[in-house]
There are 2 protein chains.
Amino acid sequence: MTRRDAKTKPTARTLDARKATILEAVVTEHIDTAQPVGSSSVAHSAEVAVSPATVRSEMVALEREGYLAQPHTSAGRVPTDKGYRYFVDHLTSGVLSSAQQHQVKDFFASVRGEVEDVLEQTSTLLSQLTSYTAVVVGASHSHATILSVQLVSLDARHQLLVTVFSDGSVAKHSVLTSFDAGSIDVSEASRQLNALLIGTTLEHRVQVPSRHDNVATLVRESVSVLHAERPVTDGEQVFIGGSSKVAEVFDGVETVRKVLSILEQELLVVSLVQDILDQGLSVAIGSEHGYEPLLSCAVIVAPVTVDGAPAGAVGLLGPTRMKYREALAAAGVVSQHLARHFGGEEERG
Amino acid sequence: MTRRDAKTKPTARTLDARKATILEAVVTEHIDTAQPVGSSSVAHSAEVAVSPATVRSEMVALEREGYLAQPHTSAGRVPTDKGYRYFVDHLTSGVLSSAQQHQVKDFFASVRGEVEDVLEQTSTLLSQLTSYTAVVVGASHSHATILSVQLVSLDARHQLLVTVFSDGSVAKHSVLTSFDAGSIDVSEASRQLNALLIGTTLEHRVQVPSRHDNVATLVRESVSVLHAERPVTDGEQVFIGGSSKVAEVFDGVETVRKVLSILEQELLVVSLVQDILDQGLSVAIGSEHGYEPLLSCAVIVAPVTVDGAPAGAVGLLGPTRMKYREALAAAGVVSQHLARHFGGEEERG
DNA sequence: ATTAGCACTCAATTCTACCGAGTGCCAACG
DNA sequence: CGTTGGCACTCGGTAGAATTGAGTGCTAAT
């Protein structure tokens, strides 16, 4: 036995049809009952036309190969992360209910306002569609070029530097001067800043005048404040919708706390989403993303692409036993609508 | 008995010294044990120099008057909202531990960046200090005057209207035109907008030119987009820190869900805080704020006043059995530092 | 008015028994 | 030989019953 096994299935990457069917039945049922599932319920479920005994022997094989686990002897089986992975990899893509399709259509037809508002509201939409917590990440504008720079004087010592980027984002920075900046200085400085910076990106270093008059100093300070915005912290924006779903969907206060505490750290969320995208995944299950506190979570991501360029992503965070088909469908549809919304704006009203 | 009572304490607004002491002991102990407290532990606690039996008879009185309640016969007493109210009203003000004082001082000494960033980080600070969820509300800029208006052309049809207010806030609005707006139109329109709007507030209606050329149309559209920002939604900003504390501090998943779900609706949070401030309260306990899902919560608010004008507020949200003294102290200290930070900026750096 | 004493209440805990879903193994069967 | 029915076994969960003990309310004595 042992010898034969070692030869025919050293690390079987794929499963024969029956094992696959059984695994699918276990996953499906566990997803909507949240209970370990036993051989008889699998055997009686459609698709499987064998006796419980046979199912059992297949199950021990699936367990040996790491797709299933037993919470304790004499309990049913529960899928492992690997089991979910197989399930997700062989998932036929789902569609939204027509009510949901309507909801999405209506939403994007009526949504108004600035990019940020749209993204924020989209996160709520996605969360409502799935009853999981939704994440919407806006693209970094670190590659956008500067369209306009303006210094506005708040008072003698405080200037406000307002920068407009080609992607429509606006940044503001306070500039403190050590001298009294009369209003003439400021508009002159604005002019010079525009001349220096328009068309550049934030990564672009520019040559600043080294003169020592007030205007030149103000210009220098402004440029350095603007370029100082380097810490990884900025550029991306995150919007989280439906964080209260965390409390509905996970059991165990401790888990809820951990997950919420992750969600609070927006930087972390951005890199989580980014990591998963970089790995080319659309789903990360349990241990697959390396975030220990999220071991019992699955994360779905769908990139948003506008004109061929990455423009952000939408994500969903739920328990590993989440409704993958529906959630993937929702994330996909929403990301597409979002892409169309931003890409197709020219053709619209 | 009944007759005498009706005469001497129709609705006793105040309590005699011993009742007060007992009430305080009950509240204090219940706050840090989360358990109903019995007569003997009260009697043995310092301050109270009577036997358990006496305490018991006082307790029935306190219960009759609505300060205490019994979860069930033969359990200890638990404070009611009214009991907490009395406790809070007679609270001697607390101080922060010196470690905490340091933390606050260090924070405000080193905090950098734009107002929004400071407020955001302050919410985290306050949450860390208290281990409750913190709320920081930034002042509405609806009364600020406009310092500068600028139209920036994104492409032929999309203009971006960037408005700078006297409080240092910046607003952006997209303006869509039905015609091709050459760059000359745009800078001329900017000039006209500046002439029209500088020095006005958003409440101020202005006379717009009724000509029919492209520039006039663009100006009209811009003004209307700007003034359309009326829905209550805007102006205030809310920052919520430590929402994961909700899961630590409340018991019962359902409560956690309710509270989180309230926190998601930022508008609701703003009006909650505003309501409490309007009532002139600094603490709202249980039923005192009218928000049914927050029945088991207490909310602490402290206004932030800069140069005599309201500039926002900081708040804390915890269970009714929260550590009022410490939380009030923290909220107070932070709100003062915040006020000083924004008020005293001229003298700094 | 205060208090010690006492009977009483009732949630929480512990213990026991037991039920039953589910397993692993084996012998029989087509 | 893979499949299946049969069967003994395991063990978490539940339901009762018994017990505990913290806490009360009342009463009579100080």
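Lettering follows sequence order; numbering is per chain, from 1.
Protein atom NE2 of A/His30 is 16 Å distant from nucleotide atom C1' of C/dA21, rounded to whole Å. One atom, CD of B/Glu58, and another, P of D/dG25, lie 13 Å apart when rounded to the nearest Å. Between A/Arg18 atom CZ and D/dC1 atom P the separation is 16 Å, expressed in whole Å. Note: CD1 (A/Ile22) to P (C/dT23) measures 12 Å, nearest angstrom. Straight-line distance from the NE2 atom of B/His44 to the P atom of D/dA22: 13 Å, rounded to whole Å. The distance between atom CD of A/Gln35 and atom P of D/dG13, rounded to the nearest whole Å, is 10 Å. Distance, B/Arg64 CZ to D/dG25 P: 11 Å, rounded to whole Å.
Considering only side-chain atoms of A/Gln70, the nucleotide from C/dT23, D/dC11, C/dG22 that sits closest is C/dT23. The side chain of A/Arg77 lies closest to C/dT23 when the candidates are C/dT2, C/dT23, D/dG25. Taking the side chain of A/Val50 as heavy atoms from C-beta on, and the options D/dT4, C/dG24, C/dT3, the nearest nucleotide is D/dT4. When each of C/dT3, C/dG24, D/dG5 is scored by its nearest atom to the side-chain atoms of A/Ala53, the top-ranked nucleotide is D/dG5. The side chain of A/Met59 lies closest to C/dT23 when the candidates are C/dA4, C/dT23, D/dT4. Closest contact between the side chain of A/Ser74 and the listed nucleotides C/dT3, D/dG25, D/dT10 involves D/dT10. Considering only side-chain atoms of A/His72, the nucleotide from D/dT24, C/dT23, D/dG12 that sits closest is D/dG12. For B/Arg56, the side-chain atoms get nearest to C/dG5 when compared with the rest of C/dC10, C/dC25, C/dG5.
Within the nucleic acid shown, B/Ala75 comes within 4.0 Å of sugar-phosphate atoms alone, with no base atom in reach, counting heavy atoms only. Within 4.0 Å of B/Ser39, counting heavy atoms only, lie sugar-phosphate atoms of the nucleic acid but no base atom. Using a 4.0 Å heavy-atom distance criterion, A/Thr54 is classed as a base contact.
Exactly one of B/Val259, B/Val299, B/Leu316, B/Ile240 qualifies for a side chain to side chain contact (heavy atoms under 4.5 Å, CB included) with B/Thr133. That residue is B/Ile240.
In this structure, A/Lys245 is not positioned above the aromatic face of A/Tyr132 in the sense of NZ or CZ being under 6.0 Å from the six-membered ring centre and within 45° of the axis.
Ring pair A/Tyr67/A/Tyr86 is perpendicular by interplanar angle, where above 60° counts as perpendicular and below 30° as parallel.
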For A/Ser244 and B/Glu264, what are the C-alpha separation, side-chain angles and deciding distance, and is it a side chain to side chain donor-acceptor pair (under 3.5 Å)? CA-CA 8 Å; A/Ser244 66; B/Glu264 275 180 53; 2.7 Å; yes
Applying salt bridge (charged side-chain N to carboxylate O under 4.0 Å, His left out) to A/Asp89 and A/Arg85, what does each step give before you reach the verdict? CA-CA 6 Å; A/Asp89 283 343; A/Arg85 164 54 57 198; 3.0 Å; yes
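Taking 4.0 angstrom as the limit, A/Thr73 places none of its side-chain polar atoms (N or O) nearer than this to OP1 or OP2 of C/dT23.
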